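Below is one structure; the comments refer to it alone.
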Amino acid sequence: MGTPQKLTKNQSLVLGILDKSEQPLSAYTILDSLRSEGLRAPLQVYRALDALVSLGNVHRLESLNAFVACSHAGCSSHSSATFIICKNCGIVAEIYDDTITSQLHQVAEREAFSLQKTTVELHGICASCQNNA
């Protein structure tokens with residue numbers, strides 16, 4: 001792993017909000033949470049999020065149009081991220097599984113596709129919600 005990059009004030013604020021959250025957050029929810037810290041414009045949040053995604057500190061969940069803090073050290077070096085998302089409670093867990101990554105690369109190779117990065121989102125019901133049903 002390389003030298004950690006120093007984050008800007010806005011990046012640190014955005015990452016802090018995401019680290020504390022148990023749910024994925026939209027950019028506008030992040031903005032609302034940080035107005036008291038001086039963030040006023042959506043562009044400030046989007047720029048911080050773009051940088052944090054590039055650095056591997058944050059993931060964008062396409063299906064939810066929301067963001068979560070990365071839960072794995074060194075995630076920027078992973079070519080694949082997999083998330084399980086509960087449709088009932090909204091909890092999101094990031095999992096890293098070498099088997100899933102390997103299979104995705106095999107499929108891409110078979111199709112003569114140069115795979116660079118993947119995000120897999122699995123939607124279902126978590127164990128806690130199943131037990132409470």
Side-chain angles (χ1 to χ4, degrees):
M1 197 161 24
T3 306
Q5 182 164 345
K6 184 172 166 70
L7 301 178
T8 66
K9 177 187 173 195
N10 288 355
Q11 291 166 1
S12 293
L13 290 169
V14 168
L15 184 57
I17 290 292
L18 288 170
D19 274 337
K20 292 176 193 167
S21 178
E22 295 185 13
Q23 305 277 334
L25 300 175
S26 71
Y28 283 92
T29 301
I30 295 168
L31 177 61
D32 288 342
S33 298
L34 293 175
R35 286 190 192 281
S36 64
E37 298 290 335
L39 272 76
R40 301 279 188 255
L43 189 55
Q44 291 174 292
V45 173
Y46 280 113
R47 282 185 181 150
L49 286 167
D50 285 345
L52 291 167
V53 168
S54 293
L55 292 170
N57 297 97
V58 168
H59 296 287
R60 182 169 192 269
L61 300 173
E62 297 288 335
S63 66
L64 302 177
N65 195 22
F67 299 86
V68 294
C70 178
S71 64
H72 290 97
C75 198
S76 61
S77 65
H78 297 164
S79 64
S80 179
T82 302
F83 297 91
I84 52 175
I85 304 167
C86 181
K87 292 170 34 174
N88 280 354
C89 68
I91 193 123
V92 173
E94 180 180 0
I95 57 174
Y96 185 75
D97 185 308
D98 287 330
T99 303
I100 293 171
T101 302
S102 175
Q103 289 176 341
L104 290 171
H105 282 279
Q106 287 173 15
V107 168
E109 190 175 301
R110 185 176 62 232
E111 298 297 322
F113 184 75
S114 175
L115 185 61
Q116 296 175 350
K117 189 163 181 87
T118 62
T119 302
V120 177
E121 298 178 27
L122 305 171
H123 294 263
I125 310 298
C126 72
S128 180
C129 287
Q130 289 177 55
N131 291 335
N132 293 332

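Because the structure is a prediction, the values reported are computed rather than measured.
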For T82 and D97, what are the C-alpha separation, side-chain angles and deciding distance, and is it a side-chain contact (heavy atoms from CB on, under 4.5 Å)?
CA-CA 8 Å; T82 302; D97 185 308; 5.9 Å; no

Hydrophobic cluster membership, with links at side-chain heavy-atom distances under 4.5 Å among I/L/V/M/F/W/Y: are [X] and [Y] in one?
X   : Y   : answer
I84 : L64 : no
L55 : I30 : yes
L61 : F67 : no
V68 : L49 : no
L52 : Y28 : yes

What's the separation between atom [atom1] in [X] and atom [atom2] in [Y], rounded to the nearest 0.5 Å?
X    : Y    : atom1 : atom2 : value
N57  : C70  : CG    : SG    : 7.5 Å
T119 : L104 : OG1   : CG    : 10.5 Å
L31  : Y46  : CG    : OH    : 9.0 Å
Q103 : D98  : CD    : CG    : 11.5 Å
I85  : L122 : CD1   : CG    : 8.0 Å

Less than 6.0 Å separating the ring centroids of F83 and H59?
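That pair passes the under 6.0 Å test.
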
Identify the two heavy atoms, one from [X] and one from [Y], that lie closest to each other, and give their separation to 0.1 Å.
X    : Y    : value
L115 : A108 : CB-CB, 3.7 Å
S63  : H123 : OG-NE2, 3.0 Å
P24  : V92  : CG-CG2, 3.3 Å

Show me, pair by pair, the donor-acceptor contacts under 3.5 angstrom made by side chains of residues 124-133, not counting sequence neighbours?
| unit_1 | atom_1 | unit_2 | atom_2 | d |
| --- | --- | --- | --- | --- |
| Q130 | NE2 | I125 | O | 2.7 |
| N131 | ND2 | A127 | O | 3.2 |
| N132 | ND2 | S128 | O | 3.2 |

Check whether Q44 reaches the backbone of A41 with its side chain - one donor and one acceptor, N or O, closer than 3.5 Å.
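Yes; at least one donor-acceptor contact below 3.5 Å.
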
Please check: side-chain N/O of Q11 versus main-chain N/O of T8, any donor-acceptor pairing under 3.5 Å?
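Pair found, side chain donor or acceptor close to backbone of T8.
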
CZ/R47: more than 12 non-hydrogen atoms of other groups inside 6.0 Å:
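Counting other residues, nucleotides and ligands, CZ of R47 stays at 12 neighbours or fewer.
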
Should V58 and V14 be marked as a side-chain contact (heavy atoms from CB on, under 4.5 Å) after you check the CA-CA gap, both sets of side-chain angles, and the distance that decides it?
CA-CA 10 Å; V58 168; V14 168; 5.7 Å; no

Considering only heavy atoms from C-beta outward, does the side chain of [X] approach that of [Y] to under 4.5 Å?
X    : Y    : answer
V107 : F113 : no
K117 : S80  : no
L13  : K9   : yes

Write out all pairs satisfying salt bridge (Lys or Arg N to Asp or Glu O under 4.0 Å) with one or both partners inside residues 121-133, taking only residues at least two apart or from two chains.
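Residue pairs passing salt bridge (Lys or Arg N to Asp or Glu O under 4.0 Å), neighbours aside: none found.
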
Test log, rule salt bridge (Lys or Arg N to Asp or Glu O under 4.0 Å), inputs R35 and E37:
CA-CA 5 Å; R35 286 190 192 281; E37 298 290 335; over 6 Å; no

Quick test of your reading: applying side-chain hydrogen bond (donor to acceptor under 3.5 Å, both in side chains), list the pairs with at least one residue in residues 18-27, sequence neighbours left out, ordered by first then second residue.
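Residue pairs passing side-chain hydrogen bond (donor to acceptor under 3.5 Å, both in side chains), neighbours aside: S26-T29.
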
